[in-house]
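Here is the structure we will look at.
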Amino acid sequence: MFKSIRWRLVIIYFLLVFMAVTVVGVFILDRLRSQQEEWTLNNMRQYAEQVQVLPSLRADDWVENESQLVESFSNWPIAQTDQAYLLRMDGTVPRVLSSSMGAQNLIGKLAYETEVIDNELVFNALNGEKEDKIKKGTYQPEDTVAHLVVPLFSVSGEIKGLIYVTSDLEVTNQVLSASRTILFQGMALALVLTVIMGSILSRSITVPIQAVTIKAAKMAEGDFDQKVDVKSDDELGQLAMMFNSLTDELKKTISQLSEEGSKLEALFTNMADGLIAIDTKGKLLHANPIARKLFVIDEMEKEQDVLSLLQELRPDVQLDHLMTSEDARGELMLEFSPEEIYRAHYAPFLNDKGERSGLILVFQDITEQYKLETMRREFVANVSHELKTPITTIKSYTETIMDGVLDDKEMSTKFLGVINNECDRMTRIVRDLLQLSSMDYQETNWELSEVCLQELLELVDLKMKISAQAKNQQLRIRIEPTLPCLTGNRDALEQVMLNVVSNAIKYTQEGGTIDMHAYMEESHLMVRVRDNGSGIPQEDLDRIFERFYRVNKARSRAMGGTGLGLSIAKQIVELHGGSIQIQSNLGEGTVVEIRFRDGNAQERV
Ligand SMILES: Nc1ncnc2c1ncn2[C@@H]1O[C@H](COP(=O)(O)OP(=O)(O)OP(=O)(O)O)[C@@H](O)[C@H]1O
Ligand SMILES: [Mg+2]
């Protein structure tokens, strides 16, 4: 309770007033006392001066007129509180000769024998000291008595006697005690008023401060809608005004900060890349949803050792230095699975003292890019290989001819036939690649026309019949009546059918059967080519449409295949807005299904 400013102010006021009243009171009482005493002494001096002029007192011979002297002295008027004694020298010792009315009867006693007469004063007076000496009785502090002794000299200059006056200061003491009581009462009243006034005054100071304190406490709890009433223009009013403007500023700053925070949070949560922050020990600080999914980190997980997870993914690289190295910046390839290949960019982050406090890692999905890059590399390797083989053959045959076979006409013709075949093969590869490339860059400038499947398949049947017959295969064709035509490029669509049907013939043993079936399924135009040939292993089915992909490279090449037929077919079908699928069972046969959307094939061409 006494820790509060309010009570401290009250106590300070109280002490100040107490001290002031005490000092003033003591001063006043002291002045009053000395004034009273001075007044009493003056009265006593006045008495002594007046009594001295008595003729009997002035006469040198006190023995003769002793009775007159005693009478006139005792009858001389004196204040009620005062007592006076006339002492005559008895040798060297003064003896009481007379006393005023009401005084103690000390007549005949030596000065030293009385209690009333102060010996020291008498002694000084006898030594001829002319100055008056005043001494107060000190028997009891409240029973103070003023003393005055005046020596009386004879004509010859000898001391003939003394006038000794005492005055009881009881009245003075009573006045002083009454004054003291009044002062104490006044002091008590002043102090009570001080406490009341001080309490009111300090309340007027502390109440606004308390109001600000309560509001500030609410602000500390996060409630920034706090306003203090400004009731005055003084320092407290200014404090209230400053508080209000502080809350406004804080509110503004906090809303800006939270806006920035939520923007960052949204960015952090919704960014396409994974993001992780780890401390200098490699422990998880933050992770966005993508990063959590990648590392399979639970939402609640706090102590996850991300560095160890990274190290598991890349055991070939020493990653400890990332936590200590001054400039830990760079990138790292991480393969979470064959379908999840990421590039991690990392950089350190610092705390507000500029010290390193951890590492930020951003994980970028490069699976597609990686696959494309791998395909590109494979493709270049394949093209080189495919072209190198015929070139090697051509070169070796040419060298053989040049080495003398030229003279042997039959052999030369045979060899030149091989060279011609290889040239044709190269031409075919280059033509196919050019076609694929122009389709990749969508540079095909196809003439569009109505293509009816009936017509198209009959033409393919006509063209492929000879090959089928050569292998003693049965090529059957079944076309549903009233099939709609589609808009597309006749030559390209014919090439699709030829590629698919030629595959069926090529990869089906002698005497096999190839069925071509055109029909409507839902709103799609379908062409299905089924054979009962060698079939394709399941593991190869996914890659069958890749460029240069062949199930059995050697066999396929021996049959003149380059592995481009199906990828060209797929590209053409897709450019016509359709799709191509292949199903196969090894040793049982293969089904190729081509699906066109009815009548809209032209849209994408
Ligand atoms: N009907 C099928 N039966 C069995 N295997 C097939 C069939 N169709 C395609 N294949 C397999 O798919 C591979 C790829 O076929 P694709 O037509 O792309 O190339 P290719 O026939 O080898 O050469 P190209 O067609 O360029 O002359 C073939 O090498 C073959 O192994
Ligand atoms: Mg083929």
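As the structure lists them, so they are numbered: ligands from 1, and atoms in each ligand from 1. Note that these values count all heavy atoms, side chains included, but never hydrogens, waters or copies made by symmetry.
Nearest to atom 18 (O) of ligand 1 by heavy-atom distance, out of Leu566, Leu498, Asp531, Leu541, is Leu566.
Annotation: Asn503 places an N or O atom under 3.5 Å from an N or O atom of ligand 1; distance criterion only. Inclusion of Ser567 in the set of residues having an N or O under 3.5 Å from an N or O of ligand 1 is not warranted. Any N or O atom pair closer than 3.5 Å counts here, and Arg550 shares no such pair with ligand 1. Taking only nitrogen or oxygen atoms, main chain and side chain alike, Val551 reaches within less than 3.5 Å of ligand 1. The distance criterion of under 3.5 Å between nitrogen or oxygen atoms is met by Tyr507 with respect to ligand 1. Residue Lys506 has at least one nitrogen or oxygen atom sitting less than 3.5 Å from a nitrogen or oxygen atom of ligand 1, judged on distance alone.
Each of the following atoms of ligand 1 lies closer than 4.0 Å to a heavy atom of Tyr549: 13 (C), 14 (C). Every atom of ligand 1 is numbered from 1 in the order shown, and the set under 4.0 Å from a heavy atom of Ala504 is 1 (N). Per-residue contacts place Leu564 under 4.0 angstrom from the following atoms of ligand 1 (heavy atoms of the residue considered): 18 (O), 19 (O), 26 (O).
Only protein N, O or S atoms were scored, and 1 of them lie under 2.8 Å from the Mg ion (ligand 2).
Only side-chain heavy atoms of Ser534 come within less than 4.0 Å of ligand 1; its backbone N, CA, C and O stay farther off. Contacts between Ile582 and ligand 1 below 4.0 angstrom, taking non-hydrogen atoms only, are absent altogether. Here Thr590 has side-chain heavy atoms under 4.0 Å from ligand 1, and that is the only part of it that gets that close. Here Ile536 has side-chain heavy atoms under 4.0 Å from ligand 1, and that is the only part of it that gets that close.
By the 4.5 Å heavy-atom criterion applied to side chains, Leu493 and Leu453 are not counted as neighbours. Using a 4.5 Å heavy-atom cutoff, the side chains of Asp225 and Lys251 are in contact. Between Lys471 and Ile505, the closest side-chain pair of non-hydrogen atoms falls below 4.5 Å. Taking 4.5 Å as the limit, some side-chain heavy atom of Ile394 sits within range of a side-chain heavy atom of Cys423.
Atom CG in Asp424 sits 12.0 Å away from atom CD1 in Ile419 (nearest 0.5 Å). Note: Met464 CE to Leu459 CG = 11.5 Å, rounded to the nearest 0.5 Å.
Leu319 approaches Gln311 most closely through the heavy-atom pair N-OE1, 3.1 Å. Heavy-atom minimum distance, His517 versus Glu480: NE2-OE2, 3.1 Å. Considering all non-hydrogen atoms of both residues, Asn382 and Arg547 come closest at ND2-O, 4.0 Å.
Regarding atom 19 (O) of ligand 1, its nearest protein heavy-atom neighbour is Gly563 CA, 3.1 Å. Taking atom 12 (O) of ligand 1 as the reference point, the nearest protein heavy-atom neighbour is Ile544 CD1, 3.4 Å. Protein heavy atom in closest approach to atom 24 (P) of ligand 1: Thr562 N, 3.6 Å.
Relative orientation of the Phe548 and Phe379 rings is tilted, given thresholds of 30° and 60° on the angle between their planes.
Atom CD of Glu331 has more than 12 neighbouring heavy atoms from other residues, nucleotides or ligands inside a 6.0 Å radius. Counted within 6.0 Å of NE2 on His286, heavy atoms from surrounding residues, nucleotides or ligands total 12 or fewer; the atom is thus considered open. For CE of Met333, the number of neighbouring non-hydrogen atoms (other residues, nucleotides, ligands) closer than 6.0 Å is greater than 12. For Glu410, the CD atom sits in a loose shell: 12 or fewer heavy atoms of surrounding residues, nucleotides or ligands are nearer than 6.0 Å.
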